[in-house]
Protein chains: 2
Amino acid sequence: MDSIKPEDRRKSSETFKEFLAQKGLRVTNQRTAIFDAVFNQEDHFTAEDLLDFSREIDRSVSRATVYRTLPILTEGGLVKEIDVGRDYKFYLANRGQKTEQAQVICLDCEKIFEIEAPFMEWYARSVAQKVGLEPVSQRLQVHARCIRLKEGGSCPNRESH
Amino acid sequence: MDSIKPEDRRKSSETFKEFLAQKGLRVTNQRTAIFDAVFNQEDHFTAEDLLDFSREIDRSVSRATVYRTLPILTEGGLVKEIDVGRDYKFYLANRGQKTEQAQVICLDCEKIFEIEAPFMEWYARSVAQKVGLEPVSQRLQVHARCIRLKEGGSCPNRESH
DNA sequence: ACTAACTTGAGAATTAATCTCACTTTTCCC
DNA sequence: GGGAAAAGTGAGATTAATTCTCAAGTTAGT
Ligand SMILES: [Mn+2]
Ligand SMILES: [Mn+2]
Ligand SMILES: [Zn+2]
Ligand SMILES: [Zn+2]
């Protein structure tokens, strides 16, 4: 449906080179492949997913380099790291969404939705204030079920949401 | 400061026996030790912590049994499981607090505070509704810093909070 | 081109959590 | 009280995401 325009991807790729240069990091084929793989994805992906995607671009990418590159991307704000309490993490290309987003995890289809949560920062601040602390970041996760599927049957993972 | 009264502990222990019986589970020394260890703790603890605490009560408790018992306690609502994104979980004796609690994690002293977060359920509902989902549970985590300690120096982990 | 510093791949290591299975313990019936 | 079946347990092996090690390959200035 809404795939990424090649021009956007190219532009992002330029940004990435600048990003690396600016941090004194070298531009390598592997890092570029990983970066491109990240921004090919519309949805959440795991490190292992990313290894596969990256290898479709550059066969030589290794698991170690994926795991080494992800922190660079997340700390640089290019990728969002999401931990919903499983024993592996999810990642998401950061295309400049709002910071006030919650994760709604459907218990029926396991899908994760990034949903705007207005005033979340303000709300978190009001909570943290109670112990004399100042928020640096906050996250809200909601585990939920389809309103429709009250009884048996799986969640319509497709267009339903 | 506010330690648990022996009578309360004994009462809880009775509740535990009923709890097990009612689920068709057997009352063993190990389970009892683990339960007592849990309710000796005021604060958050890890599975490994709990192993130590339990062994102080019954030397024979094994790691396997701690890990087997924790799900029984959490599913039974006696213990609250808390995942703040580290690679191990925390647990907390459930003494019947509000369900609307957020975790505020101090980045200076690593301490986790369970803080009341009024209207959190309502708020989560308003977010989940946007994708046609109905909340089953929700969690808000706030990473924060001491308002005072803007520059160097460690967080006064003691009475400060 | 030269080279120092950086980066990488393969596979070993780490570690929270789970699993296996021979051996106990608990329950429950007599 | 025994006795047996079912449930539970400990020790140690296993799993699996992630991190580490280090020899070999690359990058980016000179
Ligand atoms: Mn986790
Ligand atoms: Mn793990
Ligand atoms: Zn769904
Ligand atoms: Zn603190």
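Note on naming: letters A, B, ... go to the chains in the order of the sequence lines (proteins, then strands), and numbering restarts at 1 for each one. Here the structure is a predicted model, which means the values were calculated and not measured.
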Atom pairs, N/O to N/O, protein against nucleotides 27-30 of chain C, distance under 3.5 Å?
| unit_1 | atom_1 | unit_2 | atom_2 | d |
| --- | --- | --- | --- | --- |
| dT27(C) | OP1 | V27(B) | N | 2.8 |

- Message: Set out, in order, the CA-CA distance, both residues' side-chain angles and the distance that settles side chain to side chain contact (heavy atoms under 4.5 Å, CB included) for L107(B) and V136(A), then state yes or no.
- Response: CA-CA 9 Å; L107(B) 294 169; V136(A) 170; 3.6 Å; yes

- Query: Does a salt bridge link K111(B) with D43(B), judged by any charged N lying under 4.0 Å from a carboxylate O?
  - Reply: yes

- Task: Measure from CG on L51(B) to C1' on dT15(C) and round the result to the nearest Å.
- Result: 15 Å

- Return the orientation label for the F35(B) and F39(B) ring planes: parallel under 30°, perpendicular over 60°, tilted otherwise. tilted

- Message: Tell me if a side-chain donor or acceptor on Q141(B) pairs with a main-chain N or O of D83(B) at a distance below 3.5 Å.
- Response: yes

- Indicate, with yes or no, if the rings of Y123(A) and Y123(B) have centres closer together than 6.0 Å. yes

- From dA16(C), dT7(C), dT26(C), pick the nucleotide closest to the side chain of R31(A)? dT7(C)

- Query: Given atom CG of L50(B) and atom P of dA17(C), what is their separation to the nearest angstrom?
  - Reply: 12 Å

- Query: Any donor and acceptor pair, going by atom type alone, linking the side chain of R145(A) with main-chain N or O of E134(B) inside 3.5 Å?
  - Reply: no

- Query: To the nearest angstrom, how far is L70(B) atom CG from dT9(D) atom P?
  - Reply: 13 Å

- Task: Mind checking the OG1-NZ spacing from T99(B) to K80(B)? Nearest 0.5 Å is all I need.
- Result: 8.5 Å

- Message: In whole Å, I'd like the distance from the CG atom of D58(A) to the C1' atom of dT7(C).
- Response: 13 Å

Give each protein N/O atom lying under 3.5 Å from an N/O atom of nucleotides 18-23 of chain C, with the pair distance.
none

- Item | Nearest-angstrom distance from the residue atom CZ of R59(A) to P of dA10(C) | 13 Å

- Item | Residue mapping more 5' on DNA chain C - nearest nucleotide basis, Y88(B) or N29(B) | Y88(B)

- Measure from CZ on R86(B) to P on dT14(C) and round the result to the nearest Å. 22 Å

- Query: Hey, does the side chain of K130(B) reach the backbone of I115(A) with a donor-acceptor pair shorter than 3.5 angstrom?
  - Reply: no

- Spacing between E48(A) atom CD and dT15(D) atom P, to the nearest angstrom: 16 Å

- Nucleotide nearest Q30(B) (side chain, heavy atoms from C-beta), chosen from dT8(C), dT18(D), dT9(D): dT9(D)

- Item | Euclidean distance, atom CD of residue Q22(A) to atom P of dA28(D) [Å, nearest integer] | 15 Å

- Give a yes or no on whether a salt bridge exists between E110(B) and R86(B), defined as a side-chain N under 4.0 angstrom from a carboxylate O. yes

- Item | 5' precedence on DNA chain C between G24(A) and R55(A) (nearest-nucleotide basis) | G24(A)

- Is S62(A) near enough to dT8(C) that one of its side-chain N or O atoms lies under 4.0 angstrom from OP1 or OP2? no

